[in-house]
Amino acid sequence: MATERVRIRGLSIFRPIIYGNTATVLNAKEREALAAASADHTHRWTVAVRGAASAPGQDTVGGADDLSHFVKRVTFKLHDTYPNPSRNVDKPPFEVTETGWGEFEIQMRITFVADAGEKPITLYHHLKLHPWTATGDPEIPPLDAAIKAGPVHSWQYDELVFNDPFQSFLTTLTQHPPTPLVRSRRKPVPFHLAHMAGLEASKGGTPEFTAQMEKEEAERLEEARKALAAEEDRWRMTLLEKEKELEQLQKLVAERGQ
């Protein structure tokens, strides 16, 4: 048992996840069925934290893998106007579905299982209800056009990295490998166009993350890391120059005071 609580130094293991939301417009019948307090709501949305890979044959972005072997809880902090705005989800699917009319920032706090020995992390996502681009005919009312267009998707790919994991936790992770992302799609559906008419899920229009997207994201992260390191070096050199100037000024002041 003591051996299992020993950290494996120098080892890192990661798990790909996505977080974000999908949103659809409520039709007239659905809006009428809402309570008086929600009468002005126009959309139904779901915000979620999921495994990055999508299950074959399902009209869901991500979610092929069960994350509960390393995620204990996801706490979603909604806008304060919602009843009980802090929602704890302790089992998969780690998601919250609500209705509303406005976009706002949602905080997602991921708590890991005790065996991980990791501190919770917090992610932020701006709830997106409206299409990224125009929905078409200006003579069609916006809500009617949005209903015709289909769901709006807004998702972010990320990787949870566990450095120096405990042996027991490493064993758990290796026993539950993530589903590999598809290498590519024959007819890829960009996320910013997934809402367009003719790309409904029933016609293969649900977007998904691919290995190519993962590679591109990793390259962007590496470029950002290099840029940050270069900026850090630049400021370090500036600091050294300022320290030398300060030393010279202090020396000059001391000589004049003698």
NE2 on His43 to NZ on Lys128, rounded to 0.5 Å: 10.0 Å
What's the spacing between Asp40 CG and Trp101 CH2 if we round to 0.5 Å? 7.0 Å
Salt bridge or not between Arg5 and Asp115? Use side-chain N to carboxylate O under 4.0 Å. yes
Residue pair Ile18, Val61: steps toward the side chain to side chain contact (heavy atoms under 4.5 Å, CB included) verdict: CA-CA 9 Å; Ile18 61 171; Val61 180; 3.7 Å; yes
Side chains of Arg50 and Thr60, heavy atoms from C-beta outward: is any pair under 4.5 Å? yes
Any idea which heavy atoms bring Gly102 and Leu127 closest together, and the distance? O-CD2, 3.9 Å
Measure the shortest side-chain to side-chain distance between Leu170 and Ile13 over non-hydrogen atoms and say whether it is less than 4.5 angstrom. yes
When Asn21 is tested against each of Glu103, Glu95, His125, His153 for side-chain hydrogen bond (donor to acceptor under 3.5 Å, both in side chains), which residue passes? His125
What distance do Ser154 atom OG and Trp45 atom CH2 have between them, rounded to the nearest 0.5 Å? 12.5 Å
When every non-hydrogen atom of Ala64 is compared with those of Ser54, the smallest separation belongs to CB-C, 3.7 Å
Should Val49 and Ile110 count as side-chain neighbours, where that means a heavy-atom distance under 4.5 Å? yes
Can you label the angle between the His176 ring and the His69 ring as parallel, tilted or perpendicular, going by 30° and 60°? parallel
Quick one: are Leu78 and Ile106 in side-chain contact, heavy atoms under 4.5 Å? yes
Minimum-distance pair of heavy atoms, taken over all atoms of Trp155 and Thr22: CZ2-N, 4.0 Å
Verify, without hydrogens or angle tests, whether Arg7 (side chain) and Asp164 (backbone) share a donor-acceptor contact under 3.5 angstrom. yes
Does a side-chain heavy-atom distance below 4.5 Å link Leu34 with Leu26? yes
Is the distance between the ring centroids of Phe169 and Phe162 under 6.0 Å? yes
Aromatic contact between Phe76 and Phe94, with the criterion being ring centroids under 6.0 Å apart: yes or no? no
From CG (Leu239) to CZ (Arg234), nearest 0.5 Å: 12.5 Å
Ionic contact status for Arg225 with Glu222, cut-off 4.0 Å: yes
Walk me through whether Thr172 and Phe166 qualify under side chain to side chain contact (heavy atoms under 4.5 Å, CB included). CA-CA 10 Å; Thr172 298; Phe166 286 117; over 6 Å; no
Quick one: does any side-chain atom of Thr171 pair with a main-chain N or O of Gln167 as donor and acceptor, under 3.5 Å? yes
May I have the step-by-step check of side chain to side chain contact (heavy atoms under 4.5 Å, CB included) for Asn27 and Glu30, ending in yes or no? CA-CA 5 Å; Asn27 58 40; Glu30 290 173 323; 3.2 Å; yes
Between the side chains of Glu247 and Lys244, is the shortest nitrogen-to-carboxylate-oxygen separation below 4.0 Å, so that they form an ion pair? no
For Tyr82 against Gly100, the heavy-atom pair lying closest together: OH-CA, 3.5 Å
Other than Met237, which residues form its hydrophobic cluster under the rule that side-chain heavy atoms must be closer than 4.5 Å? Leu240
After noting the C-alpha distance and the side-chain angles of Leu173 and Phe70, does the key distance pass the side chain to side chain contact (heavy atoms under 4.5 Å, CB included) rule? CA-CA 8 Å; Leu173 291 178; Phe70 66 90; 4.0 Å; yes
Could you tell me whether a side-chain N or O of Asp65 sits under 3.5 Å from a main-chain N or O of Leu67, the two making a donor and an acceptor? no
Interatomic distance, Lys72 atom NZ to Asp90 atom CG [nearest 0.5 angstrom]: 7.5 Å
Hey, does Val74 have a side-chain heavy atom less than 4.5 Å from the side chain of Tyr19? no
Quick one: does Asp158's side chain have a donor or acceptor within less than 3.5 Å of a partner on Ile17's backbone? no
Backbone N/O of His41 and side chain of Thr99: donor-acceptor pair under 3.5 Å: no
hydrophobic_cluster_shared for Val96 and Phe104, side chain cutoff 4.5 Å: yes
Would you indicate whether the side-chain heavy atoms of Gln248 and Lys251 approach each other to under 4.5 Å? no
Can any side-chain N or O of Arg73 pair as donor or acceptor with the backbone N or O of Thr111 at less than 3.5 Å? no
For residues Phe14 and Val113: do they belong to one hydrophobic cluster (side chain heavy atoms under 4.5 Å, members Ile, Leu, Val, Met, Phe, Trp, Tyr)? no
For atom NZ of Lys77, is the number of surrounding heavy atoms from other residues, nucleotides or ligands below 6.0 Å larger than 12? yes
Roughly how far, to the nearest 0.5 Å, is CG of Leu246 from CD of Glu243? 8.0 Å
